[in-house]
A.B. asks: 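Before I ask anything, let me first share the structure, which is written out below as structure tokens.
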Amino acid sequence: MPPRRRPQFTQENIDQHLQQIHFLDQSSSSENLEQLGPIIKQIHQNRQQDAYLRTVNALVESKDAEIETICSDNYQEFIGSVSTLFSIKSYTTNLRDKITTLDASVEQAGRGLVEKKKALLQSKKTAANLDEAIDGLQACLRVLDVVNRVGEMIKEGRYWSALRSLEDIESMPSTSLSQSPLFQHLLSSLPSLRGQIKGAVTASVKQWLLDIRNVSAQLGQLALEAMELRNRKWRSRREKDPMLKLSRVGSAVEVVTNEKTEYNVLDNDQLKVDFKPLYECIHIYSALDSLDEIRRSYQQDRKAQSDLILPEPLPLSSLPSVTQEIVGFFIIETHVLHTTGSFRSEREVEDLWDAIVKRVGTAVENSLRNSTDPDAYLRVKESLLAFVMTLESFFYSTNSVHSFILVLFEKYVGILEKQFGKRFESIVTQDDCLPMYVEQPLERSKVLDTVWLGREERDYLSKSALPLTLPWSQSFYLCCQDIRSFVQNFYQFIEGVSQHHRNIDDLLSKSLDTILTAYISESIARRAQSTSNLSQITQIVTNLEHFEVACAELERSLTNIRSAQRGGAIRVTAAASFAATLSRALARVTASITSKLDDFFGLAEYDWTPAAREDAPSMYLYELVNWLTTVVDSLIIEDAYKQEAYRGAVDYIADCFMDFLTGRHTPMINENGLANLQLDIDFLEDEFKRSGHAFLNNAFVELRAMIFIVTSDKVQDYLVPSTRQSQYAVVRAKRLQALLEKLARYGGECRDAPSRERGEKRRKEADAVGRLFPEGRS
């Protein structure tokens, strides 16, 4: 196989290659390095070719002998070939020299190029480092800007955004910046920034707490005014619709109606309460896992604020403003409770409520301790009731407040009792005890609408012709008027109080009984006792009769009122007291009559041991009977009471006669004296029969029986138990004994034998009757 022919390079080819070596383009501002690769590759190929040529030359030289041998055979050709080879060698040598020169040039050019490349790479590395530094600085600037904006956000109150920014810093992806000291320093400062956010949001909520404390009174005032408006609307509707009479504010019907026009006291034209600071604080503290801390702080702050609501001591004039602040306080608490999830517990709010209710009760009690003004109690009740009704609509338990109102109510009623009691005593004391007189229809209507009467008497008086004399005096009318005023004041206090109807009914019953009994009935009894004028006493009797009827009518009317309000029955038991006072007044009538009868008996000059019997009764009895019938019949009282007056008077006359016979003032009596007394008794019985009062003669039954026993010599019959029980049961043995002793004493002082014998007989009879005391009537 013939050897491979190497390429032939002419001088022109070599020059052409050299001309192609241009490292820099003078027209370009950048290095023209792209051509370097192909040229170096070409140089490398040339070097390979040079090596190849040297190898060829060595081969050629080693083959010279062989060539010469060959050439000798082929001399001409060989000579030609040698010439050619020499030419080639010459060209090769020249080419090698040029390649060497070119290699040196290339080496020199490459060395400069490498230096430039190194410089260029260093420049690029420096530029890359600068870029990296710039990027790091920019990242740091962004972080620093975030940190700076956190401070601005805190100042602007954008706490949640500030907290989120800190979280963004912490959650940045890991970069070369993450390992830098600056970034680590920033990370170490984040807890401090969180503390700043926490402190700022805490200060914000503290300021909010101060702000809501300042608006609590206004908020409470708006709520109370809304409740008052609600009350007025409902009261107007109840008056128009009888079906709603028993429904009160807060009932299901009223609540449904009120929901249509519900008024938001927290957001209206006059006041807007912003809860954003609290919500934001809760949100921030929740994010910081410190919710319990702000919850405890809030509870402590609100408790401190609730303690500051009540001044010590509490002026009653400031109670309305205090209740307004309390209402506002708990309306805010209700809203916080319902809008903050688990931040507030119902127990915490209830504790605050119970504590402040207890303190209000204590403060009010202390303020009212020495008060005797019922209007002060009424004002307190109005403030507390409005306060209670308002907070009931926010579902607060108000049982303790209602109970406290009832305690105040009892004290209020006690003061009313004393106040009205003095007025009743004054009315009774100053009464002229004359029948009232009315002339005009309006005047009569006013009086009849005021007093309590039975239906028949009311109808009779309302139809009677005017002018009209009424049966009662001014005191009965004024007392009825004040009782109505008392009841009105009583119900004025409990108006709106929806609980404990039975307690209220019992208290009203007790109060009315106290007033009617202690202040009216007993005052009338004292007035009757101190009055000697018979007409005044009888007027008192008439008044008492009407008071007794008024008790029943009052009980009936009040029970009807309470039944309309689902209350219990009112029980007025004072009628028994008026009945007792009436009995005492009637006794006083009798006493007044008997007092006058004493004057008549003072005129009686009885001779109890006359020598002969009289033909006519004693003269004083005529005047006594005329006076008695005139006076008693003219009394303006019921016939039954007149009969009682007659009976009392006649009983007194009989007692006087009995005292004549058996008392110590008459030392002795004879039969003629007994006959004369019998004559007087007969006269009185005849007069009473003639005047239609025959029943009064029963008063003389014992007198007649005693006189009959003595004058008919029936003592022995009296000593027989069966006879005594059947015929002389009314005769008391002790009285009969006393009469017999007086007869015996008279007989013992007589000088004639018959009289002395009768006296001895009477003595023995007296002793025999005296022995009956243990087994008989004394």
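Note that the structure is a prediction, hence the values are computed from the model and not measured. Because only heavy atoms are used, hydrogens play no part in the values below, and waters and symmetry mates are left out as well, while side chains stay in.
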A.B. asks: With sequence neighbours excluded, what pairs up with Ser475 under the side-chain hydrogen bond (donor to acceptor under 3.5 Å, both in side chains) test?
C.D. replies: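 Listed in chain order: Asp431, Ser473, Asn543.
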A.B. asks: Phe490 and ring-ring contact (aromatic ring centres under 6.0 Å, His included): which partner among Tyr412, Phe409, Phe420?
C.D. replies: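 That would be Phe409.
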A.B. asks: Can you tell me if Ser509 uses its side chain to pair, donor with acceptor, with the backbone of Arg571 under 3.5 Å?
C.D. replies: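 Judged by distance alone, yes, a pair lies under 3.5 Å.
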A.B. asks: Would you find a donor on one side and an acceptor on the other, under 3.5 Å apart, between the side chain of Arg359 and the backbone of Asp307?
C.D. replies: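 Such a contact is found between Arg359 side chain and Asp307 backbone.
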A.B. asks: I'd like to check the side-chain hydrogen bond (donor to acceptor under 3.5 Å, both in side chains) partners of Asp354; sequence neighbours left out, ordered by chain and number.
C.D. replies: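 Partners of Asp354 by the side-chain hydrogen bond (donor to acceptor under 3.5 Å, both in side chains) criterion come out as none, since no residue qualifies.
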A.B. asks: Taking the six-membered ring where the residue is Trp, are the ring centres of Phe330 and Tyr396 under 6.0 Å apart?
C.D. replies: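 Close enough - the centres of the two rings lie under 6.0 Å apart.
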A.B. asks: Looking at Val487, Leu507, Thr573, Thr517, which hits side chain to side chain contact (heavy atoms under 4.5 Å, CB included) with Leu512?
C.D. replies: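 Answer after filtering Val487, Leu507, Thr573, Thr517: Val487.
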A.B. asks: Tell me whether Lys276 is salt-bridged to Glu280, with the criterion being a basic N under 4.0 Å from an acidic carboxylate O.
C.D. replies: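 Looking at Lys276 and Glu280, the cut-off is not met.
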A.B. asks: Any side-chain heavy atom of Met227 within less than 4.5 Å of one from Leu224?
C.D. replies: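 With C-beta onward as the side chain, the pair stays apart.
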A.B. asks: So is Arg458 actually on top of Trp452's ring, under 6.0 Å and inside 45° of the axis?
C.D. replies: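 The answer is no; the distance or angle limit is not met.
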A.B. asks: Can you confirm whether or not the ring centre of Tyr477 sits under 6.0 Å from the ring centre of Trp472?
C.D. replies: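 When the ring centroids of Tyr477 and Trp472 are compared, they turn out to be at least 6.0 Å apart.
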A.B. asks: State whether Glu553 and Arg556 are salt-bridged, where the test is any N-O pair (Lys NZ or Arg NE/NH1/NH2 against Asp/Glu carboxylate O) under 4.0 Å.
C.D. replies: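 A salt bridge is present here (some side-chain N lies under 4.0 Å from a carboxylate O).
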A.B. asks: Please check: side-chain N/O of Thr323 versus main-chain N/O of Leu319, any donor-acceptor pairing under 3.5 Å?
C.D. replies: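 Here the side-chain-to-backbone pair exists.
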A.B. asks: Would one find more than 12 heavy atoms of other residues, nucleotides or ligands at under 6.0 Å from atom NZ of Lys272?
C.D. replies: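 Yes - once you tally the heavy atoms of other residues, nucleotides and ligands closer than 6.0 Å, there are more than 12.
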A.B. asks: Under a 3.5 Å distance rule, please check whether Ser306 uses its side chain to pair with a backbone N or O of Lys303 as donor and acceptor.
C.D. replies: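 Checked: pair present.
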A.B. asks: With a 3.5 Å cut-off and no angle check, do the side chains of Glu417 and Ser511 form a donor-acceptor pair?
C.D. replies: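 On atom types as modelled, these side chains qualify, holding a pair under 3.5 Å.
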A.B. asks: With side chain to side chain donor-acceptor pair (under 3.5 Å) as the rule and sequence neighbours excluded, what pairs involving residues 284-295 come up?
C.D. replies: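 Applying side chain to side chain donor-acceptor pair (under 3.5 Å) to every pair that reaches into residues 284-295, excluding sequence neighbours, yields Lys198-Glu293, Thr202-Tyr285, Asp292-Arg295.
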A.B. asks: With the side chain counted from C-beta on, respond yes when Phe424 and Ser523 share a heavy-atom pair under 4.5 Å apart, and no when they do not.
C.D. replies: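 No, their side chains stay 4.5 Å or more apart.
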A.B. asks: Taking atom types as modelled, is there a side-chain donor on Arg302 or Gln305 under 3.5 Å from an acceptor on the other?
C.D. replies: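 There is such a pair between these side chains.
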A.B. asks: Let me see the working for Phe275 and Leu266 under side chain to side chain contact (heavy atoms under 4.5 Å, CB included), right down to the final yes or no.
C.D. replies: CA-CA 10 Å; Phe275 290 87; Leu266 293 170; 4.1 Å; yes
A.B. asks: Of the non-hydrogen atoms in Ile415 and Ser371, which two are nearest, and what is the gap between them?
C.D. replies: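 Distance-wise, the nearest heavy atoms are CD1-O, 3.5 Å.
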A.B. asks: Go through the structure and list residues passing side-chain contact (heavy atoms from CB on, under 4.5 Å) with Ser397, not counting sequence neighbours.
C.D. replies: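 Result, side-chain contact (heavy atoms from CB on, under 4.5 Å) vs Ser397: Asn399.
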A.B. asks: Hey, is the main chain of Val349 close enough, under 3.5 Å, to the side chain of Arg344 for a donor-acceptor pair?
C.D. replies: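 Such a contact is absent between Arg344 side chain and Val349 backbone.
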A.B. asks: Please tell me whether Thr581 and Ser521 have a donor and an acceptor in their side chains that are separated by less than 3.5 angstrom.
C.D. replies: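 The answer is yes; a qualifying pair exists.
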A.B. asks: Do Arg527 side-chain atoms and Val428 backbone N/O form a donor-acceptor pair below 3.5 Å?
C.D. replies: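 Present.
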A.B. asks: Do Thr339 and Tyr279 pass the side chain to side chain contact (heavy atoms under 4.5 Å, CB included) test, and can you show the C-alpha distance, the side-chain angles, and the key distance before you say yes or no?
C.D. replies: CA-CA 9 Å; Thr339 59; Tyr279 298 153; 2.9 Å; yes
A.B. asks: Tell me every residue that passes ring-ring contact (aromatic ring centres under 6.0 Å, His included) with Phe404, counting only those two or more places apart in sequence or in another chain.
C.D. replies: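 Checked Phe404 against ring-ring contact (aromatic ring centres under 6.0 Å, His included); zero matches.
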A.B. asks: Are side-chain heavy atoms of Lys381 and Leu408 found at a separation under 4.5 Å?
C.D. replies: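 Of all side-chain heavy-atom pairs linking Leu408 with Lys381, none is under 4.5 Å.
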A.B. asks: Gln488 and Gln492: side-chain donor and acceptor closer than 3.5 Å?
C.D. replies: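 The criterion, which ignores hydrogens and geometry beyond distance, is not satisfied for Gln492 and Gln488.
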A.B. asks: Residues two or more places apart in sequence or in another chain: which of them pass side-chain hydrogen bond (donor to acceptor under 3.5 Å, both in side chains) with Asp482?
C.D. replies: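 For Asp482, the residues satisfying side-chain hydrogen bond (donor to acceptor under 3.5 Å, both in side chains) (neighbours in sequence not counted) are Arg423.
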A.B. asks: Could Asp506 and Lys510 be called an ion pair, given the rule that one side-chain N must be under 4.0 Å from one carboxylate O?
C.D. replies: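 Answer for the salt bridge query: no.
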A.B. asks: Is the Phe547 ring parallel, tilted or perpendicular to the Phe476 ring (thresholds 30°, 60°)?
C.D. replies: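 Ring orientation of Phe547 relative to Phe476: perpendicular.
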